[in-house]
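Accompanying notes for the structure given below.
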Amino acid sequence: MKKIHLVIGLLFAWMLVFITSATTQAATLPKPEQGGYVQDFAGVLSTDTKNELNELSKKLEQGTGAQIVVLTVDTLDGMDAASYGTKIIRKWGIGGKEKNNGVLILASFGDAEGDRDLHITVGQGLEGALPDGKIGRILDEYMVPNLREGNYDAAFSSAYKLIYNIVAEEYNWDGTVENPEKPEEEGFSPLMIILIVIAVLIVYSMISKGGGGSGGSGGRRRRTYDYGGMGSGWGSFNSSGRGRSGGSGFGGFTGGGGSSAGGGAGRKW
């Protein structure tokens with residue numbers, strides 16, 4: 001009998017801990033404030049950037065039904081960025097109810113070590129247009145370099161506009177904007193390092209094969225090297241015109257969507 005009571009007590013304690021933990025975790029998620037698709041809780045973006053992205057978001061939603069939301073926070077409270085982003089996109093209902101075409105650009109700006117995370121979460125309806133690899137390149141080539149240099153406006157504006165154009169093209173909507181310039185890279189990029197290593201190996205191979213030969217054969221064989229397949233793999237982003245929308249109002253995340261299977265990519269910065 002005592003064992004049964006002990007087991008029941010342990011089960012009750014475990015359930016209490018689980019419920020408390022779940023409640024605490026849910027409580028860490030912010031509620032969207034009125035004012036736009038840019039929810040800058042960390043206070044790192046300028047008013048001009050917020051106004052510009054809010055206006056573009058309104059145009060995009062009117063033209064395609066898709067929603068792109070920017071969220072900055074001071075901390076993720078121990079949550080991993082992917083889970084945090086998925087919970088936000090579901091709780092806030094980002095994207096249309098039927099198409100689930102929402103995107104969340106999330107960054108944390110905590111001072112603690114390891115608490116500076118970045119994640120772009122994609123709703124299920126846009127995972128085909130925005131696969132993880134493409135999102136990863138946007139992070140690596142635009143967001144992370146700008147964030148590390150303290151260029152927060154450029155980081156969010158560049159990533160946003162690239163995603164905006166991809167979504168616009170996915171829906172054949174003629175509302176794209178000019179693509180941002182890629183920030184200058186310091187040092188050698190991974191692709192450049194690979195090319196240098198290949199060049200060194202080729203030169204070494206040619207020298208080692210060409211030296212010290214004896215006159216037994218009538219001529220030397222020529223070696224050919226195939227340099228194909230060394231493209232960057234980066235998709236193209238067309239910019240087919242600029243548009244301005246009238247008004248800057250915001251109706252809230254009323255699409256009722258928010259279905260996300262965790263698509264997207266993230267980085268530490």
Side-chain angles (χ1 to χ4, degrees), residues 16-46 49-50 53-54 57 67-95 100 102-124 126-127 130-160 162-163 252-253 255 257-269:
L16 185 63
V17 170
F18 177 81
I19 293 171
T20 302
S21 174
T23 303
T24 301
Q25 191 177 60
T28 63
L29 299 178
K31 294 181 180 179
E33 296 178 349
Q34 290 297 321
Y37 300 79
V38 180
Q39 300 289 317
D40 184 26
F41 290 98
V44 297
L45 298 176
S46 69
T49 294
K50 287 188 280 191
L53 299 188
N54 276 326
S57 290
Q67 292 180 333
I68 303 176
V69 176
V70 171
L71 172 61
T72 71
V73 294
D74 291 320
T75 178
L76 300 178
D77 290 327
M79 247 190 206
D80 67 275
S83 298
Y84 195 99
T86 300
K87 288 178 180 293
I88 287 289
I89 208 169
R90 290 174 178 172
K91 184 178 180 180
W92 289 8
I94 300 172
N100 291 306
V103 179
L104 175 69
I105 304 174
L106 165 70
S108 63
F109 287 79
D111 294 329
E113 184 178 353
D115 199 19
R116 289 205 162 191
D117 290 88
L118 180 63
H119 198 276
I120 297 178
T121 308
V122 181
Q124 286 181 306
L126 286 174
E127 288 182 351
L130 292 165
D132 297 357
K134 185 173 286 187
I135 291 295
R137 289 193 291 275
I138 292 174
L139 294 175
D140 291 336
E141 297 179 14
Y142 291 86
M143 284 208 78
V144 171
N146 277 315
L147 286 173
R148 288 178 176 170
E149 291 296 319
N151 301 325
Y152 300 147
D153 284 335
F156 285 94
S157 178
S158 60
Y160 179 96
L162 290 169
I163 294 171
F253 308 113
S259 175
S260 172
R267 299 288 188 269
K268 291 280 188 183
W269 65 276

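Just so it is clear, the model here is predicted, and its values are computed rather than measured.
- Using a distance-only test at 3.5 Å, with no hydrogens or angles considered, a donor-acceptor pair links the side chain of D132 to the main chain of G264.
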What's the verdict on side-chain contact (heavy atoms from CB on, under 4.5 Å) for M143 and L118, showing C-alpha distance, side-chain angles and the deciding distance? CA-CA 9 Å; M143 284 208 78; L118 180 63; 3.7 Å; yes
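- Under a 3.5 Å cut-off, the side chain of T75 and the backbone N or O of D77 do form a donor-acceptor pair.
- With rounding to the nearest 0.5 Å, the separation of CZ in R137 from OH in Y142 is 11.0 Å.
- Within the 4.5 Å cutoff, the side chain of T28 has heavy atoms near those of the M79 side chain.
- Under the 3.5 Å distance criterion, the side-chain polar atoms of W269 are left unmatched by any main-chain donor or acceptor of F109.
- Every residue two or more places apart in sequence or in another chain that forms a side-chain hydrogen bond (donor to acceptor under 3.5 Å, both in side chains) with S57 is listed here: Y160.
- A donor-acceptor pair is defined here as one N or O able to donate and one able to accept, closer than 3.5 Å; no such pair exists between the side chain of D74 and the backbone of S108.
- Shown here for K268 and R148, the closest heavy-atom pair between the two residues is O-NH2, 3.5 Å.
- Nearest heavy atom pair, residue A265 against residue G136, reads CB-N, 4.0 Å.
- Without hydrogens or angle criteria, D40 side chain to V44 main chain gives a donor-acceptor distance under 3.5 Å.
- Closest non-hydrogen pair, G85 versus T121, comes out as CA-OG1, 3.6 Å.
- Annotation for I89 and L104: closest pair CD1-N, 4.2 Å, computed over non-hydrogen atoms.
- Separating the CG atom in L130 from the CG atom in L162 is a distance of 10.5 Å, to the nearest 0.5 Å.
- Side-chain contact between L106 and I88: absent, with no pair of heavy atoms (C-beta onward) separated by less than 4.5 Å.
- In this structure a side-chain-to-backbone donor-acceptor pair under 3.5 Å is missing from N151 to A154.
- E127 CD to K134 NZ: the interatomic distance, rounded to the nearest 0.5 Å, is 14.0 Å.
- One distance of note links CG of N100 with CD1 of I94; it measures 11.5 Å at 0.5 Å rounding.
- Considering CD1 of I163 and CD1 of I120, their distance stands at 4.0 Å, rounded to 0.5 Å.
- Between the side chain of S158 and the backbone N or O of A155 there is at least one donor-acceptor pair closer than 3.5 Å.
- For the residue pair T86/S83, the side-chain donor-acceptor check at 3.5 Å is not satisfied.
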Full working for side-chain contact (heavy atoms from CB on, under 4.5 Å) between L29 and W92: CA-CA 10 Å; L29 299 178; W92 289 8; 5.9 Å; no
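- Residues D140 and R267 form a side-chain contact, since some pair of their non-hydrogen atoms from C-beta on lies under 4.5 Å apart.
- Minimum interatomic distance between L45 and F156 (heavy atoms only, all atoms of both residues): CD2-CD1, 3.6 Å.
- Contact detail for H119 and A81: the closest heavy-atom pair is CB-CB, 3.8 Å.
- Taking CD1 from I68 and CG from N54, the interatomic distance works out to 12.0 Å, rounded to the nearest 0.5 Å.
- Within the 4.5 Å cutoff, the side chain of L126 has heavy atoms near those of the V103 side chain.
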